[in-house]
Amino acid sequence: MTDHREIQERVAALDLSGARDRAGHLCAELNRHSQLYHSLGTPEIDDRTYDLMYRELELLEARFPSVLLPDSPTRKVGGPPIDALRSFTHRVPMLSLGNAFSEAEIREFDARCLRFLGPRAPSAIAYVVEPKLDGLAVELVYERGQLTGAGTRGDGMVGEDILHTVRTIRNVPRQLSGRDNPERLSVRGEVLFTLAAFEAMNTERVHRGDRPFENPRNSAAGTVRQLDPKAAAERGLFFTAHSFGEEDASLGDTHSDRLATLAGWGLPVNDRNRLAIGPEAVWDAIQLLGDARHILPYEIDGAVVKVDAVSLQKALGFVTRSPRWAVAYKYPPAQRATRLENVGFQVGRTGAVTPVAHLAPVRVGGVTVTRATLHNADMLTTLDLRVGDLVLIERAGDVIPRVVAVVPEDGRESRPQPQFPETCPQCGAQLVRLADAAVTQCPNTLGCPAQLRAALRHFGSRGAMDIEGLGEKLVDQLIEAGLVRSVADLYHLTAAQLGELERMGARSAASLLAQLEQSKDKPLDKALTALGIPDVGEATARDLARHFGSLHAFLAATPEALTRVPGIGDKVASRVHSAVHAPGFEALVAGLQSAGLRFTPPAAPPVTGAIAGRTFVLTGTLPTLGRDDAKARILAAGGKVSGSVSTKTHYVVAGTEAGSKLDKATELGIPVLSEPEFLALLDGVGGAP
Ligand code: IVH
C-alpha cells in the first residue's frame, strides 16, 4: 500500500511538467471523490486513500507553487479545520460586511453607492433591509434540485463539511420543489436556534451536568459540527437563506426577486425582509425592525441593507473582503431596568474578586437575565449602588450583561450599600488590592476552591482541552469529594473513585477517563489556552504556539522575545512573563507534565499554497495593508519574512516609494508583487478581488 514515504519520493522525482500533469489528475480525482462522498454517500475509495492523494497534492503544490489549480481542494488561508470533519471549499469566497452604527452612517453608505455609480446611479437606490441573524453562516449546494453539499464559512475560502447535520435540519429541503431547478445552486444563509429552543436545550444541559452554551450562535455552531447527525437532529435548528455563492443570472435581476425564487423552491427566506427606496425609507425599515427585535423568536444583532438591483451590485463590486453594495447596521445594545436584589462576590480563575449584581429576572434582548457583572470595587462606588436600586442592564450580543446605570429614585440614600469583603468569600484568605489595576485578588492560588473550580471549568472548556464530560456539576462534585486539588489531579482519577460519585455511571466514568487520556495529546495551543494564563485566549495561544513551537521555548522566552509575537505588546508580554514564572504556575505545568501531558508542538505551518516555505521581503507603503498585517498573513500561511533581498528571497512585495530593495529584486530577477497580486497569492484566487 502506498504510504507517505512513497509519496514523498514520487513527488521528489517529478519535474515541473510532470508535476503539472499529476496535480491536474489529483485535483480532478479528489474533487470527483469528494462529490461522490458528499452526494448520497457513495464513495468509491476509503478515507485513507483520499487522505494520501490529498497529501500528495499538498506536497506537489508546496514544491511547485505554479501547479496550484483554482479548484484545488487544498486551497485554504487560515488554520486547518478540525480533524474529524472534512473541509468544504467555497467556490466563491464567503465575505463579511462593513458596519454602520448610526443614521448618519446609513446615509453615508447610500451617498457612497450613488457616488460610486456616478452616471449609472438611479435617482434613488432601492434596497432590501433584512434582519442580521445572529447564527452560523453556512453555504448549501443544490445540484439539479438535490441537496449535495453544506459547509460552514470557516475562513471564507474553506470551511467544514456539515452536510450530515444540515440534512437533519427540518426546514432545509433535501429536494427543491418545482421543475426549473438550476444545474447548481449555491445559497447562503444562517443556521440558528429559536431562543425558546436555545433556553430549553441549556436547561436540559445544566440538568445533565453539561456546560450550558453561551449564546444561540455558539450552540448552533456546536450542534452542526457534531459528528453524530442524530444528536443534531434532536435539537431543533432552523435555516434562513439570505445570499448567494456562485452567480446565476436565471435566479432573477434583483435580490428580492432572487429570494422570492428561492422561496418558490421551498427554501426558507426571512419574512421580515423589506424593500426600501432611498436612505429615509431604509432608516425607517431599520427602526421598525429594531422595535420588533425583542419579540422575534430568534436573536438578531442588526439589520443588513443590500442594494436590490443585481446590475448595481455588480457595478459596485467589492472592497477587499466586503461588498460595496451592502452594509450591516448594528443596533445599540439592548437595555432594560430591573431591581437589584443583592450583590454577590465571585472569585474568578485568576483569583480576581468581581461584584455580581443579583437581579429580579428581566428579559433583555430576548434572554432572561438574573445576574450582571459590576466589574470591580470601583464600580460599586462610582455608581453609589444600593441594594433595592432600580438599575439599567445592558446586554450586547454575546457579552456578559452589565449594570450601566442606576435610575435615580427618592429615598434611595437610605438603602443599604453593599460592602466589598476584606476576605475571600470562598476560602477566607485576606484579599489583596492590586496597585496598578482596579482588581481585588484572592492570593490563595493553590488553596482557594473558587479558583480551582474556575480553573477546572476553563481547563475542560471547548476552546481549551475540550473535555465534554467535565461539566460544572462534576467539577463541583470532584472538589467536594476532595478528589481534585489541582488541575493535574484530573489525570490521576480512577474509575473506582468516579464510580462513587452521585449520578456517575460506569459508562460516563469510562468515557471521562478516555477523554482525559486523549486530551494528553492536545496540541500546544490548546494546552496553553487550558493553562489559563492571563491575556492568553485561544487566538494568542495559537500565535504563541506557532511562534515558539514548544512549551519549553515559550517558557524560556524573555518579555522582549514575547513581544516578537504578532499582536503582543509590552504590557501583555510582561504580564504573561510574570504569570508563567509564578511558583503556582510552574508547579501546575510540572504536575501536568508528570501526569503525561505532551504539549504536542503544532503541526508544521501549512505546506499548501504558494506562501508556505517561501521567503518574502516587504518594501514601500502598501495601499491598504499595514506592514504588520502583511507580515502576519505571510507567517500564518507558513511563509517567512526577511528584511533584506538576497538570492534566497522568493518574492518582494512592493508598495509606493519602494527603494533599494526593489532595485535589488529587479537586479536578481526576483518576482515583485503589488499588493493586489500579493493578496491574490494569499487568497489563492489567482486575481485581484
Ligand atoms: S448577506 C457579502 N444577509 O453576517 C456578505 N448576511 O458580516 C453577504 N448575516 O457571516 C452576507 N444575516 O452570514 C447577509 N440577512 C443577512 C445576514 C447576514 C446574518 C451574516 C452572514 C455573515 C455576516 C456578514
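One-based numbering, in listed order, for ligands and for the atoms of each. As the structure is a computational prediction, the values presented were derived from the model and not from experiment.
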Can a donor-acceptor pair be found between the side chains of Asp308 and Ser256 at a distance below 3.5 Å?
-> yes

Should we say atom CZ of Arg144 is surrounded by more than 12 heavy atoms from elsewhere, each under 6.0 Å from it?
-> no

Are Glu299 and Arg293 close enough for a salt bridge, meaning some N to O gap below 4.0 Å?
-> no

Parallel, tilted or perpendicular: which fits the ring planes of Phe616 and Phe678, with parallel below 30° and perpendicular above 60°?
-> perpendicular

Check ion pair Glu108-Arg115 (N to O, under 4.0 angstrom) | yes

In short, ring-ring contact (aromatic ring centres under 6.0 Å, His included) pairs touching residues 91-138 with sequence neighbours left out are Phe109-Tyr127

Applying a heavy-atom distance cut-off of 4.0 Å, which protein residues contact ligand 1?
-> Leu95, Ser96, Leu97, Glu130, Pro131, Lys132, Leu133, Ala137, Glu190, His242, Ser243, Val304, Lys306, Pro323

